[in-house]
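Here's the structure we're looking at; comments come further down.
Residue indices begin at 1 and follow the sequence shown. Nothing here was measured: the structure is a model prediction, and the numbers come from that model.
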Amino acid sequence: MIDMIEKEDNVISEEEAAQYDRQIRLWGLEAQKRLRGSRVLLVGLRGLGAEVAKNLILAGVKGLTLLDHEQVTEESRRAQFLIPVDADGQNQAQASLERAQFLNPMVEVKADTDQVESKSDDFFLQFDAVCLTGCSRDLMVRVDQLCVSKNIKVFCGDIFGYHGYMFSDLGQEHHYVEEKTKVVKPSEQSNDGPEVKKPKIDLNETTMVKKTASFCSLKEALEIDWTSDESKARLKRTPPEYFLLQVLLKFRTDKGRNPDPCSFAEDSRLLLQIRDDVLEAMGVNPELLPDSFVSYCFSEMAPVCAVVGGVLGQEIVKALSQRDAPHRNFFFFDGLKGSGVVDYFGAK
């Protein structure tokens, strides 16, 4: 769908040029046109969803649909700056709409209060990118397989206490351009010695280089064979957040919710049991995820939402504008260490 955007409307109005002047200077007019022609579906309007919505609206996508069937609670709005403090009991997407639209009137922002699981396949196919936050593993796998087959970009993300992640699947062939410093080759006619024959880098001159990146499905990324020699060799370098994600997705599948601070003791015991079962089934030592993880994976932390939401929003913008190298394919953030890592999981 992205390739068709440029044919629809290639004119940027004076008002849009003024609004997006800084961005156009940063990533160019053509990239802004692609972005301006893109429609995005954002599922989940808690803390992470609010950060992503803010970043996409300010970047200037054509349209953003906010999809969430949940009701606002004191817990759900603690890290959610788009929801007013007096909105408890209202739908989260609807309660976020007014402040979201106020960020940029040029973007068409809509609220959808349906349950995402009830949506038909055709519903997802009307977008250029789909971002799933706070969703079950089964739903994410289903939407990923459906959308990527139609050249729709898919992103997933979540926050678990001090930890967060994002995943992207841009398909088998994602084309983009990257700005590189131009290398000036010496003239063959020059006879001024060996120094002249060395290529020179002109920091004031750049060139755009076309590149292609390949991604795998979420299902492949989550179903690594850790018993193979290749996987065992990389085990020590694997971020523990990858295994934490597996545990918390299994918890969500079993319980239909995230770990709840109000039932901390019970949920902590269950998390430890799920950790043992999941990691043993994967063929890895459960000690790769120390028992202490249960103390730091409850609720949403606003600073973690800001970091992961910033990266996730950035990756969606890069994919839609086809500008700059994408993260391939996971980003994990550890709020306890204040550090993040990009790593690839899945078929090479």
Original post:
Salt-bridged, E179 to R323, with N to O below 4.0 Å?
Top reply: yes
Original post:
Hey, what do you get for CG (L249) to CG (L222), rounding to the nearest 0.5 Å?
Top reply: 6.5 Å
Original post:
Listed by chain and number, what are the ring-ring contact (aromatic ring centres under 6.0 Å, His included) partners of F160, not counting sequence neighbours?
Top reply: none
**OP:** Sorted by first residue and then second, give each side chain to side chain donor-acceptor pair (under 3.5 Å) pair with at least one member in residues 333-342; sequence neighbours left out.
**Re:** none
Subject >> Heavy-atom neighbours of E98 CD exceed 12 at 6.0 Å >> reply: no
**OP:** Enumerate the residue pairs fulfilling ring pair (Phe, Tyr, Trp, His ring centres under 6.0 Å) with a member in residues 82-126, sequence neighbours excluded, ordered by first and then second residue.
**Re:** F123-F127
Original post:
Salt bridge between K62 and D128, side-chain N to carboxylate O under 4.0 Å?
Top reply: no
**OP:** I would like to know whether D88 and R77 meet salt bridge (charged side-chain N to carboxylate O under 4.0 Å, His left out); could you show each step before the answer?
**Re:** CA-CA 9 Å; D88 285 8; R77 62 174 168 79; 2.6 Å; yes
Subject >> Interatomic distance, K250 atom NZ to L245 atom CG [nearest 0.5 angstrom] >> reply: 14.0 Å
Subject >> Centroid-centroid distance, F332 to F330, less than 6.0 Å >> reply: yes
**OP:** Quick one: pull up CD1 in I159 and CZ in R46 and give me the separation to the nearest 0.5 Å.
**Re:** 11.0 Å
Original post:
Between R78 and E75, is there a salt bridge with N-O shorter than 4.0 Å?
Top reply: yes
